[in-house]
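Below: one structure, written as structure tokens.
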There are 2 protein chains.
Amino acid sequence: MSSAVISLKKIEDNNLPRVVDLSTLDPANCPVRDVLQQIGGKWAPLMLDALAQKPYRFGELRRAIPDISQRMLTQTLRDLQREGYIDRQVFPTNPPSVEYRLTELGRSLYATLALLLNWAEANQSAVRAARYRFDAQA
Amino acid sequence: MSSAVISLKKIEDNNLPRVVDLSTLDPANCPVRDVLQQIGGKWAPLMLDALAQKPYRFGELRRAIPDISQRMLTQTLRDLQREGYIDRQVFPTNPPSVEYRLTELGRSLYATLALLLNWAEANQSAVRAARYRFDAQA
DNA sequence: CGGGATCCAATTCGATACTG
DNA sequence: CAGTATCGAATTGGATCCCG
């Protein structure tokens, strides 16, 4: 089939979707760097993933990600709120209760981010195998 | 239109695609953390994006990302090679020439990663606005 | 319960100098 | 050209103590 040949050729040519041309951008004002820096940290993807399921309270979120320190939980929550990905709602009960949930922007981000999370899960074994080969030959 | 109502309800319910359930995983063996750590760095996404266009030689790649140090270029290239995303080919010319190109795994990753890069570019202004609001109110 | 503040350890990163 | 090696700065992250 000619279509198979065509798609094979596309792969050989590295013909991949690429909308932004990063090479023509000022590095100091690159939107990809600007936005990716915040979602590329150690905890942000996990927290966005948790909050994509349902709203969480502080302690609840801490139990959902057992090995996060309280400092990083607080800080990452504030960062995500500043970026506009999550919303913080305080209930003046006693003791106080605070709920975090994704904003619409956050849900938009997660819709794309989730594809990457799924890719990671689906291809972990391939990555592990590549690491093993690399380390063996070295 | 009822379809609009339905999709609105889905958004309100946080009904988003989620294949991996991270909360049930051992944090120390989480595929998402394992894989995302390498592609979440400061330089890896930019280099994958460059190499998705075409193969690059060392110095050429350095010029394409003007503000990367040679140390980080070397190190990130090795990391990406170890993960199985890029291939390194040495041409025994004089002076030597080394070419880097995406592997099939790397192209598979980039197909997903590019969606996130596009999201970042498309939504940078919304993120900037959110930051401004957050900083103004604080 | 939901944090703030402080101190310290680990990791990341950049600048510089040197090499086949 | 394509790296390696070393140093120090900067950033990130964890532990601990404190509070309303």
Side-chain angles (χ1 to χ4, degrees), chain A residues 27-28 30 33-48 50-51 54-83 86-101 134 137-138, chain B residues 27-28 30 32-34 36-48 50-51 54-83 86-101 134 137-138:
Chain A
C30 169
R33 301 192 193 198
D34 186 28
V35 174
L36 254 68
Q37 178 142 12
Q38 301 298 329
I39 63 184
K42 183 174 178 179
W43 302 111
L46 299 176
M47 289 173 50
L48 289 172
L51 291 170
K54 70 177 189 70
Y56 271 87
R57 290 183 35 205
F58 188 88
E60 194 183 7
L61 197 49
R62 190 174 184 179
R63 285 186 295 276
I65 308 176
D67 56 340
I68 195 172
S69 69
Q70 174 225 52
R71 170 176 151 73
M72 290 314 295
L73 181 58
T74 302
Q75 183 176 309
T76 307
L77 282 171
R78 231 188 309 105
D79 290 346
L80 294 179
Q81 187 191 355
R82 180 169 186 265
E83 300 288 293
I86 67 177
D87 222 33
R88 177 179 188 268
Q89 191 174 0
V90 182
F91 298 97
T93 55
N94 193 324
S97 136
V98 181
E99 193 176 84
Y100 297 91
R101 66 175 67 229
F134 184 89
Q137 149 269 346
Chain B
C30 169
V32 169
R33 302 192 192 197
D34 186 28
L36 253 69
Q37 179 143 11
Q38 301 299 329
I39 63 185
K42 183 173 179 181
W43 303 111
L46 299 176
M47 287 173 50
L48 289 171
L51 292 169
K54 70 177 189 71
Y56 271 87
R57 290 183 32 204
F58 189 89
E60 194 184 6
L61 196 49
R62 189 174 185 180
R63 285 186 296 276
I65 309 177
D67 57 340
I68 194 173
S69 70
Q70 154 253 44
R71 170 174 152 70
M72 291 314 296
L73 181 58
T74 302
Q75 183 176 309
T76 307
L77 281 171
R78 231 186 310 107
D79 289 346
L80 294 178
Q81 187 190 356
R82 180 169 187 266
E83 300 288 293
I86 67 177
D87 222 32
R88 178 178 187 268
Q89 191 174 1
V90 183
F91 297 97
T93 55
N94 193 326
S97 136
V98 181
E99 193 176 84
Y100 295 91
R101 64 175 68 229
F134 184 89
Q137 149 268 349

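In what follows, chains are A, B, ... by sequence order, proteins preceding strands, each numbered from 1.
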Between CG of A/L73 and C1' of C/dG2 the distance, given in whole Å, is 10 Å

Of A/P95 and A/K42, the one whose closest nucleotide on DNA chain D sits nearer the 5' end is A/K42

Task: Residue-phosphate contact under 4.0 Å: A/R57 side-chain N/O, C/dG2 OP1/OP2 - done: yes

Rounded to whole Å, the CZ-P distance (A/F58 to D/dG20) equals 18 Å

B/E99 CD to D/dC1 P, in whole Å, measures 15 Å

Check whether any side-chain N or O of A/R78 sits under 4.0 Å from OP1 or OP2 of C/dG2, and answer yes or no. no

Separation of D/dT11 atom C1' from A/W43 atom CH2, nearest Å, is 17 Å

NA contact type, A/F91, heavy-atom cut-off 4.0 Å: base, sugar-phosphate, or nothing?
-> nothing

Out of C/dG4, D/dG14, C/dC13, minimum distance to the side chain of B/M72 belongs to C/dC13

Atom CG of B/N94 and atom C1' of C/dG20 are separated, to the nearest Å, by 10 Å

Give a yes/no on whether any side-chain N or O of B/Y56 is located under 4.0 angstrom from OP1 or OP2 of D/dC1. no

Out of D/dG13, D/dG3, D/dC17, minimum distance to the side chain of A/R71 belongs to D/dG13

B/Q70 CD to D/dA5 C1', in whole Å, measures 10 Å

Got A/M47 and A/I86 here, is their nearest side-chain heavy-atom distance under 4.5 Å? no

Whole-Å distance, A/E60 CD to C/dG3 P, equals 13 Å

Rounding to 0.5 Å, atoms CD (A/Q75) and CE (A/M72) come to a distance of 4.5 Å

Look at all strands and tell whether B/R62 reaches a base, only sugar-phosphate, or nothing, counting heavy atoms closer than 4.0 Å.
-> nothing

Is it true that, when you exclude A/E99 itself, more than 12 heavy atoms of the residues, nucleotides or ligands shown sit nearer than 6.0 Å to its CD? yes

Looking at side-chain heavy atoms only, is the closest gap between B/L46 and B/I68 below 4.5 Å?
no

Give a yes/no answer on whether the side chain of B/R63 brings an N or O atom under 4.0 Å of OP1 or OP2 in D/dA2.
no

Checking C/dG3, C/dC1, C/dG14 against the side chain of A/V98 (C-beta onward), the nearest is C/dG3

Taken to the nearest 0.5 Å, the spacing of B/E83 CD from A/F134 CZ works out to 10.0 Å

From CD of B/Q75 across to C1' of C/dA15 the rounded distance in Å is 15 Å

